[in-house]
Amino acid sequence: MTIHQQQVVSRPPLPDAATLTVPASLSGLPRPPTAVFLGRQQVLTRLRKTLTTTPKTPGKPPVARSAGSARVEPVVITQAAVYGLGGIGKSELALQYAARHHDTYRLVWWIDADTPAQIQTSLAGLTRAICAGADSVAASAATAQEAADWALAWLAAHPGWLLVFDNVEDARDLHPYLGRLTGGHVLITTRRDTGWRDLGCTPISLEVLDPEPAQRLLTRMIIQAHPSRPPGRGVPAHKAGPAESAELGGLAEDLGFLPLALTQAAAFIARTPGMNLTTYRALLRDNPGKVHAAAPPGGDGERVIAQVWTITRIRIAAQDPLAPRLLALLACYAPDQLPITVLHHLPDADELQIGQALGLLASYSMITITPDSDTGTGTGSDTVSVHRLVQAVTRNDLPEHERHDIHAQAADLLTAELPEDPDVIGSWPAYRRLLAHARAVLPPRSEAMYQVIAYLDASGGYATAKTLQHQRYQAQLNHHGPEHPNTLTARANLARWSGQAGDAAGARDQFAALLPVRERVSGAEHPDTLTARHELALWSGWAGDAAGARDQYAALLPIRERVSGAEHPATLTARANLAYWARRCGETSADNRSQDCS
């Protein structure tokens, strides 16, 4: 027979939380704040005002703590929740605030708050910090739950502290704690924008930097990381010249003025041999997903844009599988103000499901939803916007075949939203709202793109019509070859819109080059050939050759009458143009302003 005897060793008790004091300005910040911090003074001022303004309870003023009274009323805490897109700089803002106002608090403590377990662990760490010294053994022996409860009791008994709950995933995770806290300030950072007012927190949205501080941030961080960098390597050691200032401003814009992306880029440029601003911008343009996933030499791979947003998308997908699918579709369009009604054409999701998924994405600050009342368009449709870097990283994370399928579906959804008749004035507002997205997603050879170009033609947007038609012509040329009817039609339309956009001589020269090809391919009297002759005459006149236009119309008119008939619209148009240019020729000759008609 074996006998086991277990000796029970009693743990030392934790001290009385109400009586234990700590040295003034006890701090538990995770790291020093960054030395380069620009463009956030206004938000810092607002945050300070929010936290130092005593909240008012309707019908009952707050009661101050009185140490000598038999019954002590709790002092109301003030709380602020800073929310925004991952990489916007929420944690750094909180760190800067805590460091700048450290001396005004009895205690400043940082709590990693991604999960309830992390919150409990951080509060237990506060207990061990407060109990350092004589009571350290008791604090170490306590369970995490016991230590966290003791920390809350200590905070309730000692006003004048600041707690920072960093990166809270769900406002409900703080319910067990905020109700037990009194007499201090609570600063929360989060990607989520929902649930904070219910907790008594003032939500503060953090946006991207303005262009000027974003450019200064890039400059100073590159110099700080590599102060001896010679001129020509991206930024001179003291002051950037005009050319490099332009490159810095361009890079800041390429990165959407997002602080984490700017920091990542500056570190990569400064620490990577052979890297400069121009090369980095080229890499960013050619392969943005790869660049945003690249940590600088010696850098933290978890603090790059791609990693931050990948984690967020995983969390979103676990709550609603439709949400990441919608984000992938949104990554195909232009970044700003896509009408949500475009997404309502999804064949396997109803409007309620789409609305719920978009709401989830917006709550994580991955997208921004703008109510129609804010846009002033009066369309009755909210719009959704996505940061361009979110789009780039989202597209890059898709497998190649899936990326192609998503892009094709995005084009189909937009096509379904386009009004049928682009020539009708009532259709123009819808085309105007969808134009940027059509340029991003529609294939140049598609019928939908032809509708968009037709809208631009009808509404007077000739310069944009010319640009899109050039892409359409190049796509037809690559697909069909130079003498296919579709290619020749696209070539003729490009010439016409070149003239409409103000380049009459260019239109004339393009039709002069096109006409012999049309004659060889289609025949001298084919309607398309005659149309090319008509356009050549027209643009010759508008390019300054009134006599040439008159003579070309004079030669064209009898052919038109024979082929199309004397009263065909094309014949009547040719007759009218002949009269017009003959008159113009006579006027210029009479005024001696031109010798073209002699």
Side-chain angles (χ1 to χ4, degrees), residues 22 24-34 37-58 60-65 73-84 88-113 119 122-123 126 129-130 151-152 154-168 170-171 173-207 259 365:
V22 297
S25 300
L26 176 63
S27 178
L29 297 180
R31 60 175 175 82
T34 182
F37 187 74
L38 303 170
R40 297 301 197 196
Q41 187 56 49
Q42 187 174 359
V43 183
L44 283 170
T45 300
R46 181 185 175 191
L47 184 57
R48 182 62 178 168
K49 182 178 180 180
T50 299
L51 290 176
T52 55
T53 300
T54 303
K56 296 180 180 180
T57 303
K60 182 180 180 181
V63 180
R65 177 182 294 272
E73 293 288 344
V75 178
V76 178
I77 63 171
T78 53
Q79 306 165 96
V82 179
Y83 68 92
I88 206 77
K90 303 179 294 297
S91 297
E92 185 60 43
L93 179 77
L95 195 61
Q96 293 282 341
Y97 176 87
R100 295 183 187 198
H101 300 285
H102 174 267
D103 292 339
T104 65
Y105 293 103
R106 176 197 300 266
L107 173 146
V108 174
W109 198 256
W110 190 276
I111 298 174
D112 293 320
I119 296 174
S122 295
L123 286 172
L126 173 58
I130 295 174
L152 292 172
W154 188 93
L155 293 167
H158 300 82
W161 41 260
L162 170 68
L163 290 186
V164 179
F165 289 89
D166 183 46
N167 199 30
V168 178
D170 192 328
D173 293 344
L174 299 185
H175 284 186
Y177 306 104
L178 296 187
R180 299 166 63 181
L181 296 175
T182 58
H185 295 170
V186 173
L187 173 54
I188 299 162
T189 72
T190 177
R191 294 181 177 92
R192 309 296 300 273
D193 68 349
T194 56
W196 302 114
R197 292 194 183 276
D198 295 339
L199 284 178
C201 298
T202 300
I204 298 175
S205 175
L206 193 60
E207 307 296 334
S365 304

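Index from 1, following the sequence. All values derive from a computational prediction rather than experimental measurement.
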Legend entry - Closest non-hydrogen atom pair, V108 against A98: CG1-CB, 4.0 Å

Legend entry - 4.5 Å side-chain heavy-atom contact, K49 and T45: no

Inset, instruction - Among L187, V186, D173, find the one that has a side-chain contact (heavy atoms from CB on, under 4.5 Å) with F165. - result: V186

Inset, instruction - Please tell me if the side chains of L152 and P176 come closer than 4.5 Å, counting only heavy atoms from C-beta onward. - result: no

Inset, instruction - Hey, could you give me the CD/OG1 distance between Q79 and T50, rounded to the nearest 0.5 Å? - result: 12.0 Å

Legend entry - Closest contact, heavy atoms only, I88 versus P259: O-CG, 3.2 Å

Inset, instruction - Find the distance between CZ (R100) and CZ (R48) and round it off to the nearest 0.5 Å. - result: 12.5 Å

Inset, instruction - Please assess W161 against V22 for the test side chain to side chain contact (heavy atoms under 4.5 Å, CB included), listing each intermediate value before the final yes or no. - result: CA-CA 12 Å; W161 41 260; V22 297; over 6 Å; no

Legend entry - side chain to side chain contact (heavy atoms under 4.5 Å, CB included) evaluation trace for W196 with L174: CA-CA 10 Å; W196 302 114; L174 299 185; 4.0 Å; yes

Inset, instruction - For side chain to side chain contact (heavy atoms under 4.5 Å, CB included), just list the numbers for V43 and R46, CA-CA rounded to whole Å, side-chain angles, deciding distance to a tenth of an Å, and then say yes or no. - result: CA-CA 5 Å; V43 183; R46 181 185 175 191; 5.5 Å; no

Inset, instruction - Could you walk me through whether L93 and F37 pass the side chain to side chain contact (heavy atoms under 4.5 Å, CB included) test, one step at a time? - result: CA-CA 9 Å; L93 179 77; F37 187 74; 3.9 Å; yes

Legend entry - Residue list, side chain to side chain contact (heavy atoms under 4.5 Å, CB included) with E207, at least two apart or on another chain: S205

Inset, instruction - Indicate yes or no: at least one non-hydrogen side-chain atom of T78 is less than 4.5 angstrom from one of T52. - result: no

Inset, instruction - Hey, could you give me each pair passing salt bridge (charged side-chain N to carboxylate O under 4.0 Å, His left out) that has a residue in residues 174-191? Not counting sequence neighbours. - result: D149-R180

Legend entry - Expected output: side-chain W109 to main-chain S122 donor-acceptor under 3.5 Å: yes

Legend entry - Under 3.5 Å donor-acceptor, T182 side chain and A156 backbone: yes

Inset, instruction - Starting at CG of L107, measure out to CG of L163 and round the result to the nearest 0.5 Å. - result: 7.0 Å

Legend entry - Nearest heavy atoms of S91 and T189, plus distance in Å: OG-OG1, 4.1 Å

Inset, instruction - Any chance you could measure L47, atom CG, to R40, atom CZ, to the nearest 0.5 Å? - result: 12.0 Å

Inset, instruction - Kindly state whether the ring of Y97 and the ring of H101 have centres lying under 6.0 angstrom apart. - result: yes

Inset, instruction - Give, for atom CG of N167 and atom CD1 of I188, the distance between the pair rounded to the nearest 0.5 Å. - result: 12.0 Å

Inset, instruction - Determine the minimum heavy-atom distance between L199 and A171, stating which atoms define it. - result: CD1-O, 3.5 Å

Inset, instruction - Output yes when a side-chain donor or acceptor of K90 lies under 3.5 Å from a complementary backbone atom of G84, and no otherwise. - result: yes

Inset, instruction - Supply the atom-to-atom distance D166 CG to D112 CG, rounded to the nearest 0.5 angstrom. - result: 6.0 Å

Legend entry - Minimum heavy-atom distance L126-A151, with the two atoms named: CD2-CB, 4.1 Å

Legend entry - D170: salt bridge (Lys or Arg N to Asp or Glu O under 4.0 Å) partners, not counting sequence neighbours: R172

